[in-house]
Amino acid sequence: MAAYLRRVLALLRAQQYDLVWIHKELFPYTPGWFEGLIGRMGIPVVYDFDDAIFHNYDLSRRPLVRQLLGRRFEPLLRRVSAVSCGNAYLWDYAARFCPNSVVIPTVVDTDGYRPRSPAPDAGPPVIGWIGSHSTWSYVEPLVPMLEALVVEGRARVRIVGSGVAAADLPAFEMIDWTEATEIAEVQAMDIGIMPLTDDPWSRGKCGYKLIQYMACGLPVVASPVGVNVDLAQPGVNGMLAETVEEWRGALVSLLEDETLRAAYGRAGRERVERDFSLKAHAPRFIALLQSAVADKQDGQPRP
């Protein structure tokens with residue numbers, strides 16, 4: 001309740017600003033009309049979606065949540081000046097209520113995320129995953145196969161950020177996530193993986209792991225779900241895999257071919273620089289904010 005009160009006070013102070021930029025939610029698990037109140041403040045609002053958070057409500061396992069909150073985002077989205085969507089799946093939802101919805105993908109700062117020089121005689125190649133305890137469940141079906149690759153001496157496996165959910169896996173290198181070491185941990189990998197289940201929530205994901213890997217010059221293997229299909233391009237910078245057997249085959253082919261890893265890594269880095277970098281999309285996002293303010297000031301629509 002204290003956090004909700006702080007948010008209300010923050011909104012009251014928002015009158016001194018030219019624009020409000022909302023990421024994810026204002027007041028979780030409140031009725032839509034409550035969030036929609038910000039649209040009556042007379043300040044332009046830009047909403048930012050990078051996850052399918054609306055499915056927390058319209059696809060909730062609790063019937064009461066679906067009934068009372070399933071459409072909670074609609075009043076706010078109808079009143080905002082613009083919506084920034086991380087992918088086409090999120091855009092399909094937002095554009096139904098806000099015509100000025102645009103896709104601006106997740107990006108990384110390519111001045112910080114850079115390929116590393118290969119370490120000589122470093123032992124077997126490193127298969128890496130970075131995430132959190134909440135996303136570790138996507139990796140769990142692959143654990144026996146990954147452990148077998150370690151036992152066979154084909155690979156090392158580096159897991160960053162899984163927390164206690166994956167603490168008891170002695171075959172793997174388990175590393176705590178920190179912002180300060182995040183880039184270095186990705187650079188210490190040779191192959192980046194992003195398994196997913198095929199469900200509405202996963203289709204709303206924006207592929208941040210893959211973009212991190214690619215920016216650091218890693219070949220990638222991913223489940224063919226959502227934006228992963230666009231990011232992990234077979235024969236260009238990575239591979240797609242559904243079954244455990246397909247995952248093993250893709251990983252073994254990369255583990256055994258250093259030249260292929262290097263070629264895929266270069267292609268991935270080039271793709272990120274072109275399509276998923278801060279340099280490429282910061283001007284677009286800034287223009288979106290500026291156009292929202294301009295529209296409110298003179299009432300004239302902008303393309």
Side-chain angles (χ1 to χ4, degrees), residues 24 28 50-53 55-56 59-61 86-87 89 106 108 113 124-152 154-216 218-229 231-232 238-252 254-255:
K24 290 191 183 290
D50 70 351
D51 268 317
I53 55 173
H55 287 328
N56 288 335
L59 296 181
S60 172
R61 289 176 291 182
N87 61 40
Y89 184 86
T106 294
V108 295
Y113 280 89
V126 178
I127 298 170
W129 176 89
I130 187 168
S132 67
H133 69 279
S134 64
T135 53
W136 170 249
S137 60
Y138 296 124
V139 186
E140 287 179 323
L142 302 180
V143 165
M145 179 270 294
L146 293 172
E147 287 178 322
L149 292 176
V150 174
V151 171
E152 294 165 12
R154 293 176 182 266
R156 294 157 53 199
V157 175
R158 176 179 292 258
I159 303 296
V160 181
S162 64
V164 296
D168 189 22
L169 292 171
F172 298 168
E173 300 171 17
M174 311 303 295
I175 298 163
D176 292 334
W177 178 92
T178 70
E179 184 177 4
T181 61
E182 178 178 37
I183 296 176
E185 296 298 352
V186 176
Q187 290 172 328
M189 303 171 185
D190 294 293
I191 302 167
I193 64 172
M194 186 174 176
L196 286 176
T197 54
D198 191 1
D199 55 58
W201 177 262
S202 296
R203 291 173 210 139
K205 288 185 171 293
C206 296
Y208 184 51
K209 291 179 182 61
L210 294 181
I211 295 166
Q212 288 177 292
Y213 302 146
M214 292 159 60
C216 290
L218 306 185
V220 295
V221 183
S223 301
V225 177
V227 297
N228 285 11
V229 176
L231 288 168
M239 301 181 184
L240 297 170
E242 290 189 77
T243 66
V244 175
E245 292 74 19
E246 289 176 351
W247 272 93
R248 179 181 170 89
L251 290 171
V252 167
L254 288 171
L255 290 168

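Fair warning: this is a prediction, and the values are worked out from it, not measured in the lab.
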- Message: For Arg156 versus Pro124, what's the shortest heavy-atom pair and its separation?
- Response: CD-O, 3.7 Å
- Rounded to the nearest 0.5 Å, the NZ atom of Lys205 sits from the CZ atom of Arg203 at a distance of 13.5 Å
- Report yes if the side chains of Leu196 and Asn228 come closer than 4.5 Å at any heavy-atom pair, otherwise no. yes
- Query: Do the side chains of Leu210 and Val227 get nearer than 4.5 Å, heavy atoms only?
  - Reply: no
- Note on the structure: Rounding to 0.5 Å, atoms OG1 (Thr135) and CD (Glu140) come to a distance of 10.5 Å
- Task: For a side-chain contact (heavy atoms from CB on, under 4.5 Å) with Pro195, tell me which candidate from Ser137, Ser202, Ser223 qualifies.
- Result: Ser223
- Look only at the side chain of Tyr213 and the backbone of Ile193, and say whether a donor-acceptor pair between them is shorter than 3.5 Å. yes
- Task: May I have the step-by-step check of side-chain contact (heavy atoms from CB on, under 4.5 Å) for Leu169 and Ile159, ending in yes or no?
- Result: CA-CA 10 Å; Leu169 292 171; Ile159 303 296; 6.0 Å; no
- Determine whether Val220 and Met194 make a side-chain contact, defined as any pair of heavy atoms from C-beta on separated by less than 4.5 Å. no
- Message: Measuring only between side-chain heavy atoms, which start at C-beta, is Leu231 closer than 4.5 Å to Ile211?
- Response: yes
- What's the shortest heavy-atom distance between Tyr113 and Cys216, and which atoms? CD2-SG, 3.7 Å
- Task: Taking all heavy atoms of Asn56 and all of Trp201, pick out the closest pair and write down the distance.
- Result: OD1-CZ3, 3.7 Å
- Message: Checking the side chain of Asn87 only, and the main-chain atoms of Tyr89 only, is there a donor and an acceptor separated by less than 3.5 Å?
- Response: yes
- Message: Pair Ile183, Gln212 - check side-chain contact (heavy atoms from CB on, under 4.5 Å), show working.
- Response: CA-CA 8 Å; Ile183 296 176; Gln212 288 177 292; over 6 Å; no
- Does the side chain of Val252 come within less than 4.5 Å of Trp247's, by heavy atoms? no
- Item | Test item: Glu185 side-chain N/O and Thr181 main-chain N/O as donor-acceptor pair under 3.5 Å | no
- Query: Do Ile127 and Leu255 touch side chain to side chain, with heavy atoms closer than 4.5 Å?
  - Reply: yes
- Query: Do Asp199 and His55 have side chains that get closer than 4.5 Å, going by heavy atoms?
  - Reply: no
- Rounding to 0.5 Å, atoms CG (Leu149) and CZ (Arg154) come to a distance of 7.0 Å
- Note on the structure: To the nearest 0.5 Å, atom CZ of Arg158 lies from atom CG of Asp190 at 9.5 Å
- So which heavy atom on Val143 is nearest to which on Phe172, and how close? O-CZ, 4.0 Å
- How many angstroms lie between CD in Glu245 and CZ in Arg248, if you round to the nearest 0.5 Å? 10.0 Å
- Query: Ala241 and Val221: which non-hydrogen atoms are nearest, and at how many Å?
  - Reply: CB-CG1, 4.2 Å
- Any idea which heavy atoms bring Met174 and Ser162 closest together, and the distance? CE-OG, 3.3 Å
- Message: So Trp129 and Val157, do their side chains get closer than 4.5 Å, heavy atoms only?
- Response: no
